[in-house]
2 protein chains.
Amino acid sequence: MRIGELAERAGTSARSLRYYEAHGLIEARRGANGYREYDESDLRLVREIRSLLDIGFALEETRPFVDCLRAGNDTGSVCPGSIAVYRHKLAELNGCISRLEAVRDRLRGELAEAITQAG
Amino acid sequence: MRIGELAERAGTSARSLRYYEAHGLIEARRGANGYREYDESDLRLVREIRSLLDIGFALEETRPFVDCLRAGNDTGSVCPGSIAVYRHKLAELNGCISRLEAVRDRLRGELAEAITQAG
DNA sequence: GTAAACCTTGACACCGGTGTCAGGGCCAGC
DNA sequence: GCTGGCCCTGACACCGGTGTCAAGGTTTAC
């Protein structure tokens with residue numbers, strides 16, 4: 001299939017696919033006319049990338065998953081590199097949540113005080 | 001005081017102060033030489049801005065607080081506009097935390113599964 | 001009188017993924 | 001053979017606050 005079809009089936013844009021390619025995450029055979037040519041396995045790769053991006057991964061962090069899929073594994077998450085990224089991301093997420101909760105608590109206090117004073 | 005001193009006392013940079021000024025949050029008298037000249041009330045404004053930015057407010061969201069202080073109130077948070085921003089920010093924060101928690105839970109599940117499969 | 005430290009404005013860079021446009025080639029259907 | 005739709009590459013814009021540089025004027029301390 002060509003880039004437009006791949007984009008549509010993967011729920012993204014041709015622009016983004018070219019971007020992923022420029023960053024070495026996917027690659028494409030080229031037809032005689034220079035058009036990119038993809039198959040079903042490429043669709044799997046892109047879907048893996050998209051689902052990770054959707055939950056807040058940076059593009060670069062999807063690389064181990066993509067490599068893992070390319071290596072012939074059924075899912076992109078069973079390789080040590082992917083698991084390490086999972087762990088790292090989970091820790092990052094926990095830190096982020098903690099920080100936000102701290103800010104929220106502080107904000108709640110300040111709001112309560114402001115209301116009291118404005119009362 | 002001049003911009004360098006204000007920046008230091010407020011814990012920021014001259015660059016940032018000029019940026020706040022360009023966006024209408026603070027203003028400065030000018031000396032005969034063209035240098036910006038500030039007083040203690042400006043320091044209060046900038047400290048208000050900084051503390052709000054530090055907890056994740058956008059610069060634009062600090063405006064009601066600055067206006068509130070300028071209007072002669074003891075704190076920037078007692079005015080209706082400021083309280084509205086507080087509420088909005090709190091709701092935003094709660095939404096953000098919920099989303100991150102959902103992602104975290106999903107990530108935990110996927111990590112557990114990946115580890116199982118990787119054996 | 002001079003060097004260092006400060007100030008001025010204006011401008012570019014960053015980050016990261018995407019939209020969008022320009023200018024051009026390719027192809028299918030009519 | 002023409003039109004519309006797809007594709008190509010390259011490039012600029014965005015967001016938001018800050019760093020940093022250039023090229024110049026001012027003040028301060030020695």
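Labels below follow one simple rule: chain letters A, B, ... track the order of the sequence lines, proteins then strands, and each chain is numbered from 1.
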| D:dG17 phosphate, OP1 or OP2, under 4.0 Å from B:Ser16 side-chain N/O | no
| query | Once you round to the nearest 0.5 Å, how far does CD of A:Glu48 lie from OG1 of A:Thr75? | reply | 7.0 Å
Between the protein and nucleotides 12-16 of chain C, which nitrogen or oxygen pairs come in under 3.5 angstrom?
none

| said: With clusters defined by side-chain heavy atoms of hydrophobic residues (ILVMFWY) lying less than 4.5 Å apart, directly or transitively, does A:Leu53 cluster with A:Leu45? | reply: yes
| said: Nearest whole Å is fine: how far is D:dC8 C1' from A:Leu17 CG? | reply: 14 Å
| query | Does B:Tyr20 put a side-chain nitrogen or oxygen below 4.0 Å from OP1 or OP2 of D:dG17? | reply | no
| field | Path from A:Ile55 to B:Leu111 over hydrophobic side-chain contacts below 4.5 Å | value | yes
| request: Any chance you could measure B:Ser51, atom OG, to B:Phe65, atom CZ, to the nearest 0.5 Å? | output: 8.5 Å
| request: Check whether any side-chain N or O of B:Arg18 sits under 4.0 Å from OP1 or OP2 of D:dT20, and answer yes or no. | output: no
| said: Between A:Arg50 and A:Tyr20, do the side chains contain a donor N or O and an acceptor N or O under 3.5 Å apart? | reply: yes
| note | Residues of residues 24-46 of chain B with a heavy atom under 4.0 Å from any atom of DNA chain C, listed by number, are B:Arg30, B:Gly34, B:Tyr35, B:Arg36
| task | Report yes or no: do A:Ile115 and B:Leu69 belong to one cluster of Ile/Leu/Val/Met/Phe/Trp/Tyr joined by side chain heavy-atom distances under 4.5 Å? | result | no
| field | Hphob cluster co-occupancy, A:Tyr35 + A:Ile26, side-chain heavy atoms under 4.5 angstrom | value | no
| query | Side-chain heavy atoms under 4.5 angstrom apart, residues restricted to Ile, Leu, Val, Met, Phe, Trp, Tyr: same cluster for A:Leu100 and B:Leu107? | reply | yes
| Touch check for A:Ser13, heavy atoms < 4.0 angstrom, all strands: base, sugar-phosphate only, or nothing? | sugar-phosphate
| request: Measure the distance from CZ on B:Arg2 to P on C:dT8 and round it to the nearest whole Å. | output: 9 Å
| query | Is there a side-chain polar atom (N or O) of A:Arg50 under 4.0 Å from OP1 or OP2 of C:dG17? | reply | no
| Interatomic distance, B:Glu21 CD vs D:dT18 P [rounded to whole Å] | 15 Å
| query | In whole angstrom, what separates A:Glu5's CD from D:dG5's C1'? | reply | 15 Å
| query | Considering the options B:Arg9, B:Arg29, B:Arg2, B:Arg44, which one meets the salt bridge (Lys or Arg N to Asp or Glu O under 4.0 Å) requirement together with B:Asp39? | reply | B:Arg29
